[in-house]
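I have placed the structure first, in the form of C-alpha cells, so that the comments after it can refer back to it.
Just so you know, these numbers use all the heavy atoms, side chains as well, and skip hydrogens, waters and symmetry mates.
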Amino acid sequence: MKSRAVHLVLTALVFATPITAQQTWNDPRTRALVERATERRASQLADTGLVDYKATAHGYVTFLAQFGEGFPEPPKIVKADELGLEVYWRAPDLSKQRIMGRRDTLLLPTDINYHRDHLGIVQNNFRNIIRIGEGDEVQDVPHPLSPAGLEVYDFAIRDSLQIRLGPRVLDVYEVRVRPKDDRQPRAVGAVYIDRETGEVVRMAFSFTRAALIDKDLEDVSVVLENALIESRFWLPRRQEIEIRRTGSWLEYPARGIIRGRWEICCYEVNTGIPASYFTGPEIVMAPPAERAQKPFPFTGRILDSLPPDVRAVTDEDVKKVQEEARALVRTQALSRSRSLALSARHISDIARFNRVEGLALGAGLLQRIGSGLAIAASGRYGFSDQEFKGRGALEYRTGAGSSLILAAERQYRDVSDDQETSLVRNTIAAQEFGSDYTDTYDMRGVSLSGSLSRPGWRPTLQLAYERHEPLVVNATPASGAFEPTIPALSLYESRLTLGLDRPTSLIVGGYELGVHLTLSGIRREREVGRRDELLRPSLVLDLERPFGTSRLLLHTIAAGAFSGDPVPPQHLVYLGGPTSGPGYAFHEFVGRGGVSQRVEWRFLAPFVPIPLGRYGRVPGTITLAPFATAVWIDRPASFKQARQGWYPAIGLGALTIFDVLRLDVARGFRDGRWTFSVDVGRDFWSVL
C-alpha cells in the first residue's frame with residue numbers, strides 16, 4: 001500500500017496565536033496531556049493497527065570545524081557523507097536500516113569515524129531510555145514521555161497551535177520540558193502533542209551536562225518531526241541531530257561538529273515484513289551486489305546538493321533548541337566544569353619570532369569560577385628585547401556567546417587593519433630571512449569591553465585608556481637584515497570603539513558576505529589644557545560567490561584617520577604586502593586614508609593526488625587563483641616614499657593540500673616589483 005503522506009511543517013502551517021495565559025508548571029491540564037501522550041506511546045500500535053512499514057531515508061552526515069576566540073566565523077565543512085537508506089519497522093519495536101548508498105567528500109585531512117547510529121534515523125521518537133552515539137555521547141536519559149519521565153520532569157504548556165491538514169484541523173500543544181533535578185542525566189526542551197489523540201508531532205530538546213558522557217562534548221541537540229501517514233499514523237518525516245565538541249588542550253579555541261540531517265518519505269505500511277528480517281545490528285550496509293543492482297539515486301556533487309544551512313551555519317531549529325535549554329535550566333547544568341587550565345588563543349602565543357622581541361615564549365592560564373565568570377592571565381617574554389608582555393582579565397560570558405571583559409595588559413600592537421600573513425609564516429620568514437611583516441608599538445592600558453551575540457550583525461563596544469611608546473629593532477635574523485620600526489609617538493590616549501561584525505553568511509543572489517567594521521573615537525593628551533581628537537573608521541569586507549566548482553572572491557580593506565591635528569604614526573593607514581598590496585613592499589603605502597581592493601577567481605585544475613594514510617587522500621586537483629589588486633593611498637606619510645594615487649597589480653595563486661597551502665606570485669605596475677609568497681590558507685590564520 002503506497003502512503004499518502006501529508007508533510008507537517010509547523011512553521012509554515014501554524015495559523016493560531018500562542019496561548020495568552022501565564023505558563024504554569026505541572027498544572028492539571030498539562031499533566032493530563034503528557035500522561036495521555038505517554039500512554040499513547042505505549043499503546044498506539046494496538047489502537048491504530050500499525051503492524052509494520054517500509055520507507056526511504058535520504059540524509060547527510062557532515063563533520064565541520066570552527067576556530068577562533070568566541071568562534072566568530074561559521075563552521076567549515078571538513079567531511080560530508082551523503083546516505084540513502086531503506087528503513088524497516090515492525091511491531092512492537094523492531095527496527096532495521098539498510099544503507100543502500102553512501103558517498104563522501106573530504107575537504108580537510110581527518111580520520112573521523114562515526115558511531116553506527118549517526119548513519120541512520122531515530123525510530124519511534126527514541127525508546128524509553130535515550131542513547132546517542134551508541135552510549136558514548138548520551139546514555140541512560142529517561143524519555144520525557146515515559147513512565148520514569150513523568151516522575152523526573154516538569155511540564156508546562158507554552159503554545160497552542162492549529163495545524164491544517166487538508167480538511168482536518170489539528171490542535172497541537174507545545175509542552176516545555178525541564179528536569180526536576182538538572183544535576184542528573186536529563187533532556188531539556190519541548191514536545192509537541194496533538195491534543196485530540198495524544199500523538200507526538202514533534203520533539204526538540206538538548207541534554208544536561210550530566211547526560212553527556214564524553215567530557216569534551218559541548219552540547220547535543222535533537223529535532224524530530226513526524227508526518228501523518230495514511231491519515232492515521234504519525235511516523236518520522238524529518239530529523240536533525242547536532243553534536244558539538246570543543247578542544248580542551250590549552251583551552252584551544254577549536255570546535256568539531258557532527259551534523260546529521262534526514263528526510264524520510266515513500267512509506268509502505270502493513271506489507272507483512274517477517275520478523276527474521278530484523279536479526280543482527282539495527283543499521284547495516286547492504287551487500288555490494290544488492291547496492292549495485294538497486295543504486296540509490298544520488299544527483300550532482302555532494303557539496304552542491306547540501307542544504308544551505310548545513311553548508312554554512314547551525315540550523316535555526318537546532319539553535320532554538322540550544323537557546324530554549326539555556327532558558328529552562330541553570331547555566332551550570334549545561335556547562336562543562338573546568339579547573340585551572342593552561343590556555344592559548346593562538347599557536348603563536350606559545351612561541352613566535354619578530355624583529356623587536358626576537359624569540360618570544362609565552363603561556364596562559366584560565367580559571368573558570370562559575371556562572372559564566374572566569375579569570376584569564378597570559379604572558380610572554382622576548383629574549384632579544386628582554387621585556388615581559390602580558391594580560392590579565394576578568395571575563396563574563398553567557399551561554400549564547402555574549403561577553404563582558406575587564407582587562408589590563410601590555411602588548412606590542414600591530415598597526416595593520418588586516419593581517420598581511422599568518423603569524424607562523426611570519427615567525428619563519430623573520431627568523432630565517434629578516435622578513436618581518438608586522439609593524440608594532442608598545443601599548444599598556446586598561447579596557448572594558450562587551451559584545452552581544454545575536455543573529456546577523458554582532459555589536460561590540462570597548463572603552464580603553466592607553467599609553468603608547470615606540471619600539472626598536474633588537475633581534476638579528478639568520479640571513480638578511482630587518483627594516484626599521486615605525487616612528488610611533490609617545491602618548492596617553494582614551495578611546496571608545498564601536499564594532500560591528502557579520503560572520504560569513506548567505507545573502508541574496510547566492511553570495512556569502514562577511515564584514516568587520518570598527519569606528520574609534522580617540523582623544524590624545526598632548527599637554528596640560530590641550531587634547532587632540534581623532535576619528536578612525538576601518539572596514540574589512542569579504543564577498544564570495546560560487547559558480548559550480550569555481551568561485552569569485554572580493555576582499556576589501558578601507559580605513560581613514562580624520563583629525564584637524566597631526567595624526568600619530570600608529571593611527572595612520574598601512575597598506576602593502578601579500579594581502580593588501582601584492583606586487584609591492586610591505587607597508588609601502590602609509591597615509592591618512594587608504595583602500596585596497598582584491599578580485600580573485602578560483603577554479604580547479606588537474607594535479608597529482610597525494611595519499612595521507614588514514615587521514616584520506618589529497619584530491620587530484622589544485623585550485624588556481626588568478627587575481628588583480630589595486631591600492632589607493634591618500635595624504636601619504638612623510639616617512640614613506642609612495643605618492644598619492646592608485647597602485648594596481650596582477651598575480652596568480654595556487655592552493656594545494658586541501659587548500660591549506662597557498663603560493664602567490666604578483667607584479668605591481670606602478671613602481672612595483674615581482675613578489676613571491678608562501679603561506680597557510682587564510683581560513684586558518686585565526687588559529688595560528
The criterion is salt bridge (charged side-chain N to carboxylate O under 4.0 Å, His left out); which residues satisfy it with Asp542, sequence neighbours excluded?
none
Once side chain to side chain donor-acceptor pair (under 3.5 Å) is applied, do any residues pair with Glu588, and if so which ones, sequence neighbours excluded?
none
Can you name the salt bridge (charged side-chain N to carboxylate O under 4.0 Å, His left out) partners of Lys640, sequence neighbours left out?
none
Would you please name every residue forming a salt bridge (charged side-chain N to carboxylate O under 4.0 Å, His left out) with Glu409, sequence neighbours left out?
none
Residues at least two apart in sequence or cross-chain that pass side chain to side chain donor-acceptor pair (under 3.5 Å) with Ser520, listed by chain then number, are Thr497
Contacts of Ile507 meeting side-chain contact (heavy atoms from CB on, under 4.5 Å) (sequence neighbours excluded), chain-then-number -> Arg502, Tyr511, Leu513, Leu543
Can you sort out the partners of Asp679 under side chain to side chain donor-acceptor pair (under 3.5 Å), two or more places apart, ordered by chain and number?
Ser422
List for me each residue that meets salt bridge (charged side-chain N to carboxylate O under 4.0 Å, His left out) alongside Glu533, sequence neighbours excluded, and say none if there are none.
Arg523
Partners meeting ring pair (Phe, Tyr, Trp, His ring centres under 6.0 Å) with Tyr465 (sequence neighbours left out)
none
Check side-chain contact (heavy atoms from CB on, under 4.5 Å) between Gln597 and all other residues, then give those that pass, not counting sequence neighbours.
Leu554, Thr556, Val599
My understanding is that only residues two or more places apart in sequence, or in another chain, count here; which of them pass side-chain contact (heavy atoms from CB on, under 4.5 Å) with Phe627?
Pro582, Arg598, Glu600, Thr629, Arg662, Asp664, Ala666
List for me each residue that meets side-chain contact (heavy atoms from CB on, under 4.5 Å) alongside Ala559, sequence neighbours excluded, and say none if there are none.
Asp417, Arg536, Ser538, Val573
